[in-house]
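Just follow the structure's listing: the first ligand is 1, and inside any ligand the first atom is 1.
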Amino acid sequence: MAVLSVVIPAYNEEMNIGNTVRTLKEILEREGIEYELVLISDGSTDRTFAEIMKAASEDPRIRGAEFSRNFGKEAGIFAGLELSTGDAVVVMDCDLQHPPEAIPQMWKLWQEGAQVVEGKKSSRGKESLFHAMFAGLFYKIMSGLIKMDMSSSSDFKLLDRKVVRVLLELPERNTFFRALTFWAGFDTRTVEYEVQERKYGKSKWSFFSLMRYAIANATSFSTLPLQMVTFMGMVSIGFSIILAIQTMVKYLSGTAVEGFTTVILLILIIGGFIMLSLGIIGHYIARVYEEVKGRPKYIINRVTENVRGNVEGAWKREGERKKKYDQF
Ligand code: UDP
Ligand code: MG
């Protein structure tokens with residue numbers, strides 16, 4: 001019988017683990033879905049992993065791992081995918097903002113042949129106007145960059161094992177899970193859901209972490225900003241030609257002394273363009289640098305006892321990954 005894995009990244013969610021596990025078990029058992037739960041503690045500083053171990057000791061279908069430090073949600077998702085063994089995998093948040101009631105619907109679509117089921121927000125839930133505006137702008141830009149509408153997409157989705165394998169084979173370290181499933185393609189269906197309110201604890205995102213996340217994701221998916229640099233260069237050259245002609249004409253007609261305002265403006269504008277361009281190029285170089293270093297996406301510190309295979313501590317490079325994969 002087909003098995004569903006539910007992957008849950010959790011960072012300082014001690015108050016949510018027990019409740020989330022209970023809710024999921026209840027729903028999945030009621031629907032008669034064979035399942036396993038994979039909980040990844042993302043270097044939590046509270047009792048999150050202890051809670052995961054407790055749940056795992058009570059039920060062998062619950063497994064988990066703890067990172068050596070906080071590596072971010074993306075890393076948590078990928079570690080969860082790596083540890084999962086099910087024929088289909090659902091990724092969802094630990095705070096139940098992604099309603100588990102939608103999972104049976106996703107499962108049904110999967111059984112009907114869908115390979116990716118995207119959770120689509122029918123509303124964004126309660127958030128500040130500022131946050132909503134920023135998120136709106138970000139998704140507009142992202143949708144433009146990757147030429148797909150992502151405005152109501154989320155990390156809540158079901159993936160067929162085949163898609164999971166594809167994602168795990170990607171060599172890059174800077175991933176953007178939400179967009180990667182669009183990029184990967186496959187037979188995609190959507191399920192609409194209402195974003196729920198977080199019950200316990202609080203959101204892990206600050207404005208600046210969101211900003212960093214947005215920039216990192218936009219640049220990991222597109223080189224358009226780099227092309228913008230070329231564009232700015234062309235604009236500058238265009239103006240230069242016009243001004244060069246004007247200057248020459250003035251010089252030849254003997255009225256060349258004026259024009260300090262122009263000089264100052266030019267220096268400011270061109271200086272600004274150059275700095276901005278360097279910044280953009282620098283950002284990409286930093287990305288390349290990170291990728292070239294080839295550091296792992298995450299480091300696993302501990303796993304629950306029921307995790308088989310050699311995952312503890314080491315992360316595997318491409319060749320080794322396949323080997324490890326066979327151990328499950
Ligand atoms: N999360 C994580 N690592 C982090 C930040 C968040 O694994 O560094 C997890 C978190 O535990 C939760 C999910 O990602 O399960 C979504 O986080 P949160 O609820 O804080 O974000 P929001 O819902 O406000 O977007
Ligand atoms: Mg949340």
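- In this structure, ligand 1 sits under 4.0 Å from heavy atoms belonging to Pro9, Ala10, Tyr11, Glu13, Asp42, Asn70, Gly72, Lys73, Asp93, Cys94, Asp95, Gln97, Arg198, Ser203, Lys204, Trp205.
- Ring geometry for Tyr298 versus Phe67: interplanar angle under 30°, hence parallel rather than tilted (30 to 60°).
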For residues 231-247, which side-chain N or O atoms pair as donor and acceptor with protein atoms under 3.5 Å away, sequence neighbours left out?
residue	atom	partner	partner atom	Å
Ser236	OG	Met232	O	2.9
Ser240	OG	Ser236	O	2.5
Thr247	OG1	Leu243	O	2.6

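- Under 2.8 Å from the Mg ion (ligand 2), one finds the following protein N/O/S atoms: Asp95 OD2, Gln97 OE1.
- Partners of Gln111 under the side chain to side chain donor-acceptor pair (under 3.5 Å) rule, at least two apart in sequence or in another chain, do not exist in this structure.
- For the pair Lys73 and Phe177, the cation does not sit on the ring face, since its NZ or CZ is not both under 6.0 Å from the ring centre and inside 45° of the axis.
- With salt bridges taken as basic N to acidic carboxylate O contacts below 4.0 Å, none links Glu290 and Arg173.
- A salt bridge between Glu36 and Arg61 is absent, with no side-chain N of the basic residue lying under 4.0 Å from a carboxylate O of the acidic one.
- Using a 4.0 Å cut-off between charged side-chain N and carboxylate O, Asp87 and Arg161 make no salt bridge.
- Phe186 CZ to Asp160 CG: the interatomic distance, rounded to the nearest 0.5 Å, is 8.0 Å.
- Using a cutoff of 4.0 Å between basic side-chain nitrogens and carboxylate oxygens, Lys25 and Glu29 are not scored as salt-bridged.
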